[in-house]
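Data first, discussion second: the structure below is written as structure tokens.
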Amino acid sequence: MSHAFLGLGAIGAPMARHLAGHGAPLALWNRTAEKAAALAAGTGARAAATPADAARDADVVITCLPTSREVEALLDGPHGLLAGLRRGAVLVDCTSGDPAGSRRIAARLAAAGVAFLDAPVSGGVAGAEAGTLTVMVGGDPAVLERVRPVLARFGAKIVHCGPVGAGHALKAVNNALLAMHIWGTAEGLAALAKAGVRPEVALDVINASSGRSNASMNLFPDRVLTRAFPRTFRLALLDKDVGIAAQVARDAKVPSPLLQLTAELFTLAHHELGEVADHVEAVQVVERQAGTVIGGPS
Ligand code: NDP
């Protein structure tokens, strides 16, 4: 099977790297062409000039863009994906997209004889580099079985979640929980700091107790207490994800005050901190409001 990968951002690039070097042809495309050329040069892949050119010979085309909007926009025009995709091909969208956008894309592709799976990933840049991502798949399970060996190059856990859009819905809810844990842990540690409890003492206890989470066990010790705040996953993207989860709940008519509030808080933090800030930097908004800093030199 020959492959194409479009969207070589923070997580797309390490995912694409795992597809190279397996004997199957690989085409790479990125909006900023230099990134595709550099990755192609280092891996023996082919840098494609356009999305259509990337898709032309591919059995499996993978996209990893910021939102479903960019994926949908990539379909159209003389150099768009639909101009290159051949009948019988599969488009696997690893974007953390939205279910309604996925269903629209799937319908347009079906009319062209192309199958579609939404397949967002979890595990961060470190998981992408290690090839240990979790992949949440929506769509026809038989199509998933056809492409599973390709996804297994970067995914350690590949789960069929339901019909088209189910992967995107699940990913959005997962990330909304991540957002809640980051914000809640920040509020709690800020309050404790002002009450005289050092954050490393608080985390030591919480991480041996029932309030622990990935945020308390990994993100706060590694990124907040050290004040390192590495930029691995943009706050703008987490804001988008929480917004999708809030929309999923509204569409399902599920009362969801906490999801809606979290969406609002992360939109405010995104506006305050801008497009390049990392998701964990949202902690700094809580710190500023509280008038304290969690961690750092004592
Ligand atoms: P980045 O912002 O690092 O990269 C975005 C990519 O999309 C780049 O290749 C960029 O091209 C391309 N792009 C942006 N706008 C357009 C456009 N209009 N047309 C074509 N290409 C475009 O994002 P990430 O790689 O971090 O994230 C990609 C997806 O993966 C998102 O949906 C995100 O939520 C999800 N994700 C990210 C994780 C992470 O840890 N980073 C973890 C799990 C999921 P260019 O190089 O030209 O800017």
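As the structure lists them, so they are numbered: ligands from 1, and atoms in each ligand from 1.
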Original post:
Only one of Leu265, Leu238, Leu237, Asp239 clears side chain to side chain contact (heavy atoms under 4.5 Å, CB included) with His270; which?
Top reply: Asp239
Original post:
Where is the nearest protein heavy atom to atom 31 (C) of ligand 1: which residue, which atom, and how far?
Top reply: Leu65 O, 3.4 Å
Original post:
Regarding Asp222 and Asn218, is there a side-chain donor-to-acceptor distance under 3.5 Å anywhere?
Top reply: no
Original post:
Quick one: do the Glu70 and Thr67 side chains pair a donor with an acceptor below 3.5 Å?
Top reply: yes
Original post:
Non-hydrogen atoms of Lys240 versus ligand 1: any pair closer than 4.0 Å?
Top reply: yes
**OP:** Give the contacting part of Ile11 toward ligand 1: side chain, backbone, both or neither, where contact means a heavy-atom distance below 4.0 Å.
**Re:** both
Subject >> Arg223 and Asp278 ion-paired at < 4.0 Å >> reply: yes
Original post:
Side chain, backbone, both or neither: which part of Thr67 comes within less than 4.0 Å of ligand 1 when only heavy atoms are counted?
Top reply: neither
Original post:
Out of Val71, Thr232, Leu237, whose heavy atom sits nearest atom 41 (N) of ligand 1?
Top reply: Thr232
Original post:
For atom 39 (C) of ligand 1, which protein heavy atom lies nearest, and how many Å away is it?
Top reply: Phe233 CD1, 3.5 Å
Original post:
Could Glu72 and Arg108 be called an ion pair, given the rule that one side-chain N must be under 4.0 Å from one carboxylate O?
Top reply: no
Original post:
So which heavy atom in the protein is nearest atom 46 (O) of ligand 1, and how far is it from that ligand atom?
Top reply: Lys35 NZ, 2.5 Å
**OP:** Applying side chain to side chain contact (heavy atoms under 4.5 Å, CB included) between Leu178 and each of Asp241, Val173, Val242, Leu219, report the one that passes.
**Re:** Leu219
Original post:
Any N or O on Ala10 sitting closer than 3.5 Å to an N or O of ligand 1?
Top reply: yes
Original post:
If you measure from each non-hydrogen atom of Arg31 to ligand 1, which part falls under 4.0 Å: side chain, backbone, both or neither?
Top reply: both
Subject >> Pro66, portion touching ligand 1 at heavy-atom distance under 4.0 Å >> reply: both
Original post:
What do you reckon, does Gly7 have a nitrogen or oxygen under 3.5 Å from a nitrogen or oxygen of ligand 1?
Top reply: no
Subject >> Nearest-0.5 Å distance, CG of residue Leu81 to CG of residue Asp53 >> reply: 11.0 Å
Subject >> Protein residue, atom and distance nearest to atom 35 (C) of ligand 1, heavy-atom basis >> reply: Ser96 OG, 3.5 Å
**OP:** Identify whether Val61 and Leu26 are in the same connected component of the hydrophobic contact network (ILVMFWY, side-chain heavy atoms under 4.5 Å).
**Re:** no
**OP:** State the atoms of ligand 1, each with its element, that fall below the 4.0 Å cut-off from a heavy-atom position in Arg234.
**Re:** 2 (O)
Original post:
Which ligand 1 atoms are under 4.0 Å away from a heavy-atom of Val121?
Top reply: 43 (C), 44 (C)
**OP:** Examine Phe5 together with Trp29 and report whether their ring centres are nearer than 6.0 Å.
**Re:** no
Original post:
Taking distance alone, with no angle check, do Thr32 and ligand 1 share an N/O pair under 3.5 Å?
Top reply: yes
Subject >> Glu281/Arg231 salt bridge by N-O under 4.0 Å criterion >> reply: yes
Original post:
Would you say Gly9 has any N or O atom under 3.5 Å from an N or O of ligand 1, going by distance alone?
Top reply: yes
Original post:
Is it the case that Ser216 and Asn207 place a side-chain donor and acceptor less than 3.5 Å from each other?
Top reply: yes
Subject >> Subset of ligand 1 atoms that lie under 4.0 Å from at least one heavy atom of Cys64 >> reply: 28 (C), 29 (C), 30 (O)
Original post:
Any N/O of Lys171 closer than 3.5 Å to an N/O of ligand 1?
Top reply: no
Original post:
Between Asn30 and ligand 1, which part of the residue brings a heavy atom under 4.0 Å of the ligand: side chain, backbone, both or neither?
Top reply: side chain
Original post:
Salt bridge check: are Asp98 and Arg69 linked by an N-O gap of less than 4.0 Å?
Top reply: no
Original post:
Which atoms of ligand 1 sit under 4.0 Å from any heavy atom of Val125?
Top reply: 40 (O)
**OP:** Rounded to the nearest 0.5 Å, what's the gap from CD on Glu187 to CD1 on Ile294? Could you check?
**Re:** 9.5 Å
Original post:
Does ligand 1 have any atom sitting under 4.0 Å from a heavy atom of Ser122?
Top reply: no
Original post:
For ligand 1, is there an N or O atom under 3.5 Å from any N or O atom of Cys94?
Top reply: no
Subject >> Side chain proximity check, Leu189 to Leu203, heavy atoms < 4.5 angstrom >> reply: yes
Original post:
Is there any N or O on Glu70 that sits under 3.5 Å from an N or O of ligand 1?
Top reply: no
